[in-house]
Amino acid sequence: MRATLPARASQRNSSGSCQLAASITANIQKSLSRLGQPEPRQITIEAENAKLFLADCEVGVLVVLTEKDANLGLIRLEVRNAKRKLGLA
C-alpha cells in the first residue's frame with residue numbers, strides 16, 4: 001500500500017494512515033460482498049475538512065488525502081494517470 005499525503009499529514013504517523021486505509025477498504029469490500037456486489041474500484045470519503053480517495057491498484061491501495069475543496073474529477077483523473085504510470089491500469 002502506498003500513501004500520498006499532504007506535507008502536514010505525512011508528518012503524522014503515515015503507517016497508521018496506511019493501516020486505516022487498508023481497514024476501510026477491507027470493511028467496504030466485505031459489506032459489498034454481503035450485498036452481492038463486486039469489489040469497489042475506488043472509494044471516496046468526504047469529511048468536513050478533507051477528502052480521502054482509496055483506489056484499487058491490484059498490488060495494493062493508492063491513498064490520496066486532499067483538502068476539502070479539491071476537485072473530485074481532477075483527483076479521479078490523476079489517480080487513473082498514476083495507475084497507468086505504474087502499469088496497473
Side-chain angles (χ1 to χ4, degrees):
M1 179 176 304
R2 186 137 186 100
T4 303
L5 304 170
R8 68 179 185 281
S10 64
Q11 294 171 356
R12 298 182 208 143
N13 181 355
S14 63
S15 74
S17 298
C18 289
Q19 291 170 352
L20 180 60
S23 176
I24 291 169
T25 303
N27 284 320
I28 290 174
Q29 287 173 340
K30 287 178 192 174
S31 297
L32 288 173
S33 176
R34 289 179 183 154
L35 294 170
Q37 299 298 313
E39 290 188 6
R41 292 179 301 216
Q42 185 170 318
I43 300 164
T44 304
I45 300 172
E46 295 184 50
E48 185 175 336
N49 295 319
K51 293 178 184 174
L52 178 65
F53 298 86
L54 307 165
D56 178 28
C57 290
E58 298 173 27
V59 296
V61 177
L62 176 64
V63 179
V64 180
L65 178 64
T66 70
E67 295 182 359
K68 65 180 179 179
D69 57 349
N71 181 318
L72 292 172
L74 182 59
I75 296 299
R76 288 187 177 123
L77 179 62
E78 290 297 329
V79 166
R80 188 177 334 138
N81 289 339
K83 289 171 65 173
R84 279 192 193 126
K85 286 181 183 178
L86 294 170
L88 301 171

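In this chain, numbering begins with 1 at the start of the sequence shown.
Side-chain N or O atoms of Lys83 include one that pairs as donor or acceptor with a backbone N or O of Asp56 at under 3.5 Å. No donor-acceptor pair closer than 3.5 Å links the side chain of Ser23 to the backbone N or O of Gln19. In terms of modelled atom types and a separation under 3.5 Å, the side chain of Thr25 and the main chain of Ala21 share a donor-acceptor contact.
Between Ile45 and Ile24, some side-chain heavy-atom pair lies under the 4.5 Å cut-off. Two residues are said to be in side-chain contact when any heavy atoms from C-beta on lie closer than 4.5 Å; Leu86 and Val59 fail this criterion.
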Practice prompt. Check the pair Gln42, Val79 against side chain to side chain contact (heavy atoms under 4.5 Å, CB included), reporting the backbone distance first and the verdict last.
Written response: CA-CA 9 Å; Gln42 185 170 318; Val79 166; 4.2 Å; yes
Worksheet item: For Ile75 and Glu78, what are the C-alpha separation, side-chain angles and deciding distance, and is it a side chain to side chain contact (heavy atoms under 4.5 Å, CB included)?
Response: CA-CA 5 Å; Ile75 296 299; Glu78 290 297 329; 5.7 Å; no
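Closest approach of Thr44 to Arg76, counting heavy atoms only: OG1-NH2, 3.6 Å. The nearest pair of heavy atoms linking Gln29 to Pro40 is CG-CD, 3.8 Å.
Contacts of Gln37 classified as side-chain contact (heavy atoms from CB on, under 4.5 Å), with partners at least two apart in sequence or in another chain: Leu32, Leu35.
The CG atom of Leu52 sits 11.0 Å away from the CD atom of Glu46 when rounded to the nearest 0.5 Å. Between the OG1 atom of Thr66 and the CG atom of Leu72 there is a distance of 7.5 Å, given to the nearest 0.5 Å.
Connection of Leu54 to Leu20 is established within a shared hydrophobic cluster, with ILVMFWY side chains joined at heavy-atom distances below 4.5 Å, either directly or through further cluster members.
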